[in-house]
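The structure under discussion appears below in the form of structure tokens.
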Amino acid sequence: MENKEFIYKGARLNGFLAILVNLFFIALAIYLTAMAQKLGGSSLLMPVAIFSFIWSLVMLGGYFSQEPNEVRVMVFFGKYKGTFKDTGFFWVNPFLSKKRLSLRARNIDAEPIKVNDKIGNPVLIGMVLVWKLKDTYKAMFEIDAQTMAQTSATGVNQVSSRMNAFEKFVRIQSDAALRQVAGLYAYDNMNEENNSNKEMTLRSGGEEINEQLEQKLNERLAMAGIEIIEARINYLAYAPEIAAVMLKRQQATAIIAAKEKIVEGAVSMVKMALEHLENDGIVELDKEKRAAMVSNLLVVLCSDKDSQPIINTGSLNQR
């Protein structure tokens, strides 16, 4: 898209120098008025004095001061004349409309919204983003921010209202971008053990998901001359209606994983015990008693409750 923004190149004066010029016209008007009265009022000095006084009043509309990271969009009777970016105290054509904008970074902490992920599960997802104006022409003339910011206030309140209008635009577009990105991925991998490719999810995506979100936002906000500096997902959870079910699934997965670890350790311990008994010659076990010992040891090691020992006072060879 063509960049239509350009720097204001029209006439301008240092504000303090313009004040001296303004005072000169006021003094000139007073002097010419006094001279005209001395001459009986029939002199042409009086119209010149009136013109000087009127011009000194008109000049008052051309003063403005500008801080760092602020700009003025200059409009002359509806025609864009450029963007004024210098900082300091200046005087320009008083008939120019000077629309003040802020280029400072602003942040939005978006409230979590309910969306459906890739597999249709409702999830709550929220984000925080940092944005700023990049192209003042697009910001002022490509979107209807001026109508959204209509107010009778002036000065600081006017620029605040205008920036709030931009923020509202960013919020709406960020909501749409967040829904779009969230719909491309599942919240979590339901079958991790069967998924050799480890498909990216909202929970595991991290920086990659944030980068895609930032890219989508910049694509949507480019028309408004707004740049996203950073966008991050800061809240992610299942929606309340399925949160309890998903919690049970996660608990079941954790229990199964723990049981697998316990069984693996128990088998290793039984194997070690049998090898010690045989290698040290403590006792000889036939297949039947070996199987019984393995069964008893596995029950003891894998049980969730404390075992109750039973002392066998008989012979191991007794049948």
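Computed from a predicted model, the values in this text were never measured in an experiment. Because only heavy atoms are used, hydrogens play no part in the values below, and waters and symmetry mates are left out as well, while side chains stay in.
- Contact annotation: the side chain of Ile108 approaches that of Arg171 to within less than 4.5 Å [non-hydrogen atoms, C-beta and beyond].
- Between Arg72 and Ser65 the shortest heavy-atom distance is NH2-O, 3.3 Å.
- When atom types are taken as modelled, the side chain of Gln66 and the backbone of Asp86 share a donor-acceptor pair closer than 3.5 angstrom.
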Apply the test side-chain contact (heavy atoms from CB on, under 4.5 Å) to residues Lys114 and Val123: give CA-CA distance (whole Å), side-chain angles for both, the deciding distance (0.1 Å), then the verdict.
CA-CA 6 Å; Lys114 183 187 292 187; Val123 299; over 6 Å; no
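- Here the side chains of Met59 and Phe25 are in contact, with some heavy-atom distance below 4.5 Å.
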In sequence, state the C-alpha distance, the side-chain angles, and the governing distance for Arg179 and Asp175, and then conclude on salt bridge (charged side-chain N to carboxylate O under 4.0 Å, His left out).
CA-CA 6 Å; Arg179 291 179 184 276; Asp175 183 285; 2.8 Å; yes
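- For the salt bridge (charged side-chain N to carboxylate O under 4.0 Å, His left out) test, no residue two or more places apart in sequence or in another chain qualifies with Glu264.
- Taking the ring centroids of Phe76 and Phe95, they lie at or beyond the 6.0 Å cut-off.
- Side-chain atoms of Asp109 do not come within 3.5 Å of backbone N or O of Val128 as any donor-acceptor pair.
- Side-chain atoms of Asn121 do not come within 3.5 Å of backbone N or O of Asp117 as any donor-acceptor pair.
- Classified by interplanar angle (parallel below 30°, tilted 30° to 60°, perpendicular above 60°), the ring pair Phe84/Phe90 is perpendicular.
- Here Glu5 pairs with Lys85 under the salt bridge (charged side-chain N to carboxylate O under 4.0 Å, His left out) rule; sequence neighbours left out.
- In this structure, the side chain of Tyr185 does not engage the main chain of Asp188 through any donor-acceptor pair within 3.5 Å.
- Listed here is the closest heavy atom pair of Glu214 and Glu230: OE1-CA, 4.0 Å.
- Between the Asn69 side chain and the Ser102 main chain, no donor and acceptor come within less than 3.5 Å of each other.
- Closest of all the heavy-atom pairs between Ala139 and Phe166 is O-CE2, 3.1 Å.
- By the 4.5 Å heavy-atom criterion applied to side chains, Leu184 and Lys118 are not counted as neighbours.
- Side-chain contact between Met223 and Glu142: absent, with no pair of heavy atoms (C-beta onward) separated by less than 4.5 Å.
- When side chains are defined from C-beta on, Glu167 counts as touching Arg106, because their heavy atoms get closer than 4.5 Å.
- The nearest pair of heavy atoms linking Leu133 to Leu103 is O-CD2, 3.6 Å.
- Annotation: side chain of Gln37 is not in contact with side chain of Met46 (no heavy-atom distance under 4.5 Å).
- The environment of Lys134 atom NZ is sparse: at most 12 non-hydrogen atoms of other residues, nucleotides or ligands sit within 6.0 angstrom.
- Within the 4.5 Å cutoff, the side chain of Arg104 has no heavy atoms near those of the Met163 side chain.
- Side chain of Arg232 to backbone of Gly206: no donor-acceptor contact under 3.5 angstrom is found.
- A donor-acceptor pair under 3.5 Å links the side-chain atoms of Asn234 to the main chain of Met127, judged by distance alone.
- The minimum heavy-atom distance linking Ser56 with Asn22 is given by the pair O-ND2, 2.9 Å.
- In this structure, Asn218 contributes its side chain and Ile228 its backbone to a donor-acceptor pair below 3.5 Å.
- Aromatic ring centres of Tyr80 and Phe6 lie closer together than 6.0 Å.
- With contacts defined as side-chain heavy-atom distances shorter than 4.5 Å, the pair Ile125/Leu178 qualifies.
- A search for side chain to side chain donor-acceptor pair (under 3.5 Å) contacts involving Glu219 returns Gln215, not counting sequence neighbours.
- With hydrogens and angles ignored, the 3.5 Å screen pairs a side-chain donor or acceptor of Ser52 with a backbone N or O of Val48.
- Smallest separation of non-hydrogen atoms from Tyr63 and Gly15: CE2-O, 3.6 Å.
- Note that OG of Ser160 and CZ of Arg100 are 10.0 Å apart. Values are rounded to the nearest 0.5 Å.
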